[in-house]
Number of protein chains: 2
Amino acid sequence: MAGTRERARAATTADILCIAREQMAALGAEGLSLRAIARELGMVSSAVYRYVASRDELLTALIIDSYDRLGAAAEVADRGVRRRADIRARWRAVANAIRDWAMTNPSEYALLFGTPVPGYAAPQDTIGPATRYTLVLVQLLADLDATGVVRDTPVPKALRADIARLRDVFGVPVHESTLVVGLSAWAALMGAINLELFGHLHNVVDRPGALFEAVVAQHGELLTGGTIGGRTASNPT
Amino acid sequence: MAGTRERARAATTADILCIAREQMAALGAEGLSLRAIARELGMVSSAVYRYVASRDELLTALIIDSYDRLGAAAEVADRGVRRRADIRARWRAVANAIRDWAMTNPSEYALLFGTPVPGYAAPQDTIGPATRYTLVLVQLLADLDATGVVRDTPVPKALRADIARLRDVFGVPVHESTLVVGLSAWAALMGAINLELFGHLHNVVDRPGALFEAVVAQHGELLTGGTIGGRTASNPT
DNA sequence: GAAAAGCGAGAGCACTGCTCACAATTCTGT
DNA sequence: ACAGAATTGTGAGCAGTGCTCTCGCTTTTC
């Protein structure tokens, strides 16, 4: 029977990834052990090396898969908003999706956005899937630009050249001022999730999720609102 | 000679911490090895257990020390601004100090704000030093309030109760709207540093530091500027 | 000066990633 | 159909880890 071997190989490879994910959820990326996986599979430890070259390679596979799942979650959240022109609603949806994914898969989120494994340079294979969730956000900015919102956000001169690259990479035309607020919203989003998920808010705020809500609301306004800065009556100008 | 033993003990304890820091800088927190420290000290591995109870305890000591250094860096940066009323300048100074500290001590920063060690609940000892750098930011908000800036930033109702705690913890009176923009700025700051330091910008922007600059500039305006949102001519209301 | 406390050495346990030679199995080309 | 090749699992083994325990030696304390 041709292909039997291939199917068996694919099956145990999938088993290994599955067990690895469970192990990571239980003990963190640190506690990922090939020997434990082998035990779980009823094999001797050296046997799993027939399927995965090293512990780092397994980690890389998990990273790629996690990026993919996160990207998928962001995409379905964005597509779930019927009124495509309501950028603020889409931003909220995507931001919440990313946070929800992080909260339900904390170890995988930590694998992606926590401390990088030292001496472990992300292989080229990971940068593709990594851009998936980012692309959702960039597309949001492009669609926002299409609605004709004008911003007087100052764009630091030094940033223009750097930001030009983003257009090239993603192939989406976005105004510089939009990119600035977009990048800022991205950073705030990830920062809020990190602070909450990694337990830095326990002594600051009663309900850790509060920070996230505030950040999303504020940057939602910043993205779609328009003007920021200056020009308040009590501003001592 | 009385106290000889004590001084020797303090000396080797300091040596252990020092070597541990070097090791972490070289190999990351993952690569911190008590046996390697013992080798470096010319002792047998079991001897270092006279000075440190376990690897986790060493990690905790490093965390406390790192929080302390970060807090000190933030404090001197803030104090370095002569015009105390120039909140924006102080914000820039503190933000830059935190980023600089992170860039020059990446492994220690990762220890504080990266993936928490699984199953390792931050001991009570760490929460004191952890608030030191936070206090600098909160004090900034209090001083900002004292300048009389008025904001019409909407404060989500659900946040009020949560935020009240911050006042209690730090004992500094701050308006709710100020706290909202302050927390948001904090999240954005940490998010930008994380994204840059952990290498998530390499495929997005030419110069990774660009995101940080944009975030600091924007939230500097948000903090000290006043109004945000709405009210633009082209805003389709 | 004797008792107590602290310190370093060394052996040992259980665990890890990873390699290698060997045997059993399955696939493939003629 | 059968021989040769490729694949898969086994078990031993190496080097490393955190940590424990006992045994002497030194310093401090009473």
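Below, chain A is the first sequence line, B the second, and so on; all start at residue 1.
Near DNA chain C, meaning a heavy atom under 4.0 Å from it, residues 36-46 of chain A has A/R39, A/S45, A/S46 in order of number.
Summarising the geometry, the separation between CG on A/L58 and C1' on C/dT16 is reported as 15 Å, rounded to the nearest angstrom. A/D56 has its CG atom 14 Å from the C1' atom of C/dT16, to the nearest Å. Between the P atom of C/dT16 and the CD atom of B/E30 lies a distance of 14 Å, rounded to the nearest Å. As rounded to whole Å, 15 Å separates atom P of D/dT20 from atom CZ of B/R55.
A/I63 places none of its side-chain heavy atoms less than 4.5 Å from the side chain of A/D125. The shortest distance between side-chain heavy atoms of B/W91 and B/L222 does not fall below 4.5 Å. Contact of the B/T60 side chain with the B/T126 side chain is registered, since non-hydrogen atoms from C-beta on lie closer than 4.5 Å. The shortest side-chain heavy-atom distance between A/S33 and A/R55 does not fall under the 4.5 Å cut-off.
The nucleotide whose nearest atom lies closest to any side-chain atom of A/Y49 is, among D/dT10, D/dG18, C/dT19, C/dT19. Checking D/dT8, D/dT17, C/dT16 against the side-chain heavy atoms of A/R5 singles out D/dT8 as nearest. Distances from the side chain of A/Y51 to the nucleotides D/dC19, D/dG9, D/dT17 place D/dG9 closest.
Side chain B/R35 to base D/dG16: no donor-acceptor pair is found below 3.5 Å.
Taking for each of B/L34 and B/E6 the nucleotide of DNA chain D with the nearest heavy atom, the 5'-most of the two is the partner of B/L34. Annotation: of the two residues near DNA chain D, B/R50 and B/L32, the 5′-most nearest-nucleotide partner is B/L32.
Of the inter-residue distances, the one linking B/W186 atom CH2 with A/L211 atom CG reads 7.0 Å to the nearest 0.5 angstrom. Atom CD in A/E75 sits 10.0 Å away from atom CG in A/L70 (nearest 0.5 Å).
Under 4.0 angstrom from either OP1 or OP2 of D/dT8 there lies at least one side-chain N or O belonging to A/R9.
In summary, of the residues considered (A/L137, A/D143, A/L141), a side chain to side chain contact (heavy atoms under 4.5 Å, CB included) with A/Q139 occurs for A/D143 alone.
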